[in-house]
Visitor: 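Below you'll find the structure I mean.
We count ligands from 1, going down the list as the structure has it; atoms in each ligand are counted the same way.
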Amino acid sequence: MLKHVLSSLSTRREFVADSLRGAAALIALGTLPARRDDSPWHARAYPFTLGVAAGDPAHDGFVAWTRLAPDPIRGGGMPSRPVPVHWEIAADDAFRRLVKRGEALALPDLAHSVHVEVSGLSPAREYFYRFIAGGDVSPVGRAITAPELGASNAELKFAFVSCQHYEHGYYTAFRHLANDNVDLVVHLGDYIYEYGIAKDAIPAIRRHDGDEIISLTQYRNRYALYKSDPDLQSAHASAPFIATWDDHEVQNNYANAVSMSNAPTPQFLARRAAAYQAYYEHLPLRRSAMPSGNAMHLYRRVPYGTLAMFSVLDERQYRSDQPCGDGRKPRCTEALDVNRVMLGSDQERWLLDGLAGSSARWNFLANQVVLGDNMLRRPDETVDTYPLDTWNGYIAERQRLLDFLGTRRASNPVVLTGDIHVSIAMDLRADWANRSAPNVAVELVGTSISSGGDGQQMPEWGRWTLGGNPHMKYFDGRRGYVRVNVSRERLTADYRVVPVVTLPGGSVETAASFVVENGRPTLVRG
Ligand code: FE
Ligand code: CA
């Protein structure tokens with residue numbers, strides 16, 4: 001009995017300390033008025049309509065996320081005042097073995113989202129988390145902490161995903177992923193699409209909530225629409241995500257301050273600020289990523305013992321405008337300009353320094369757009385064309401990166417890529433003109449969750465792509481995700497394919513597996 005009282009006392013003290021620290025930090029950030037309305041809030045409708053999520057696992061904790069939104073796609077339905085949210089971490093999913101709890105404030109300035117940076121947990125352990133607010137209890141999420149820094153951990157199982165256009169298909173791939181029991185999920189962007197309701201949606205299964213989104217309210221409602229999907233929610237509840245964005249979180253193919261439609265710069269930067277804020281509000285990101293005006297520091301490293309390190313990249317915020325007028329075209333001289341950047345000088349230096357100093361056996365780049373040569377020449381064309389929104393249009397910086405990987409200062413570099421809505425597996429060389437040049441890394445391109453609809457296993461242009469790029473060993477044009485098993489001796493990538501996403505309940509199959517042996521940057525069909 002005494003023991004029970006003592007333990008509840010210490011939990012209570014920690015609980016108070018946590019909420020005071022949180023409130024003090026928020027007042028310092030200027031997001032919380034020093035005086036607040038403390039009258040209790042009771043939800044008129046269930047507030048946890050967008051589920052829960054965990055993010056950026058560390059050896060001692062992770063980010064636990066939720067957002068109060070009783071009326072999700074019409075602004076959220078919350079009062080314009082802070083609302084306290086209790087959180088709990090347990091060792092079991094019935095919450096009998098409570099490990100930690102505290103209180104966070106859901107602020108109207110952040111759409112009543114909460115991002116609890118849980119710390120003080122044990123490494124390499126499974127935990128469960130949930131939230132309580134206004135008399136309601138959230139769904140339960142599962143998270144696994146990373147191994148201790150420096151631990152020689154033996155195994156990691158993760159999945160990577162991208163591109164979830166809501167109108168193009170059901171998130172069946174996420175439902176299958178949720179059953180895979182992975183340690184973490186890497187999301188490579190296109191979490192939402194900014195478009196209005198498609199006039200010719202393929203097929204007409206479900207619709208966007210209105211016109212092309214520009215304002216903060218519209219971006220928030222769009223995230224709420226996407227996050228209302230039960231399969232996406234179950235994937236989030238199954239494992240922590242390491243998320244980065246691509247273009248559609250703001251606008252198709254935007255580059256830094258340049259909009260696709262060449263909107264005036266101040267106008268586009270205001271849109272970018274709204275989009276970045278809504279992204280922060282809806283993903284389980286650390287406070288270090290909190291946006292400041294139209295800027296947001298998203299690139300970061302996530303270590304996983306000494307087995308793996310993830311360098312999470314941002315290939316939109318700092319890049320030069322696409323060369324040669326964008327699109328798939330022959331490379332004009334602009335594409336070769338040495339001053340053009342994809343990562344920008346700060347991020348490039350940070351990436352190469354981090355890789356050079358990494359003691360991880362496997363070094364993953366959470367990359368958005370295709371890095372390796374991706375030449376296409378249709379039978380009726382007389383010149384080679386390249387997708388200029390990808391690294392194929394940013395040749396000088398790509399060469400610096402590939403040359404660095406060729407020095408072997410980073411052990412086993414593996415590039416994870418999204419964006420193009422097809423599966424590709426390829427070896428990377430620093431010299432594309434020389435077919436017998438040594439491989440310096442491998443690139444795993446994962447297909448979309450839903451974007452593009454059902455797709456075909458081998459469309460005509462898939463055959464042309466494989467034919468024109470001998471370093472490519474695999475192509476599949478259907479939907480799905482990639483599951484990666486990592487040990488100290490080898491990596492196995494399973495290309496998980498969901499042939500039908502335009503009807504609910506599609507099956508999943510492993511269409512192909514590739515193996516990479518430690519120390520040998522070459523994909524071998526498994
Ligand atoms: Fe996409
Ligand atoms: Ca994209």
Visitor: So, do T390 and R398 sit near enough that their side-chain heavy atoms are less than 4.5 Å apart?
Guide: no
Visitor: So does H248 have any N/O/S atom less than 2.8 Å away from the Fe ion (ligand 1)?
Guide: no
Visitor: If you compare all heavy atoms of E117 against all heavy atoms of R287, which two are closest, and at what distance to 0.1 Å?
Guide: OE2-N, 2.7 Å
Visitor: Calculate the angle formed at the Fe ion (ligand 1) by SG in C163 and OH in Y193; 10° precision is enough.
Guide: 100°
Visitor: Before giving the answer on side chain to side chain contact (heavy atoms under 4.5 Å, CB included), spell out for W391 and L401 the whole-Å C-alpha distance, their side-chain angles and the decisive distance to 0.1 Å.
Guide: CA-CA 11 Å; W391 285 92; L401 175 55; 4.1 Å; yes
Visitor: I'd like the atom name of the N/O/S atom in D190 lying closest to the Fe ion (ligand 1).
Guide: OD2
Visitor: Under 2.8 Å from the Fe ion (ligand 1), is there an N/O/S atom belonging to S451?
Guide: no
Visitor: Please state the angle at the Ca ion (ligand 2) spanned by OD2 of D246 and OD1 of D247: what is it, rounded to 10 degrees?
Guide: 80°
Visitor: Quick check: closest heavy atoms across I197 and R207, and the distance to 0.1 Å?
Guide: CG2-CD, 3.8 Å
Visitor: Only N/O/S atoms count here: what is the atom of D190 closest to the Ca ion (ligand 2) called?
Guide: OD2
Visitor: Could you identify the N, O or S atom of D419 positioned closest to the Ca ion (ligand 2)?
Guide: OD1
Visitor: Hey, is the Ca ion (ligand 2) within less than 3.0 Å of some N/O/S atom on D389?
Guide: no
Visitor: Measuring from atom CD of E397 to atom CG of D337, what distance do you get when rounded to the nearest 0.5 angstrom?
Guide: 12.0 Å
Visitor: Sort out for me which residue in D389, D314, D326 forms a salt bridge (Lys or Arg N to Asp or Glu O under 4.0 Å) with R319.
Guide: D389
Visitor: Does any N, O or S atom in H165 come within less than 2.8 Å of the Fe ion (ligand 1)?
Guide: no
Visitor: Please find the pair of heavy atoms, one from S513 and one from T492, that lie closest to each other, and give the distance.
Guide: CB-CG2, 4.5 Å
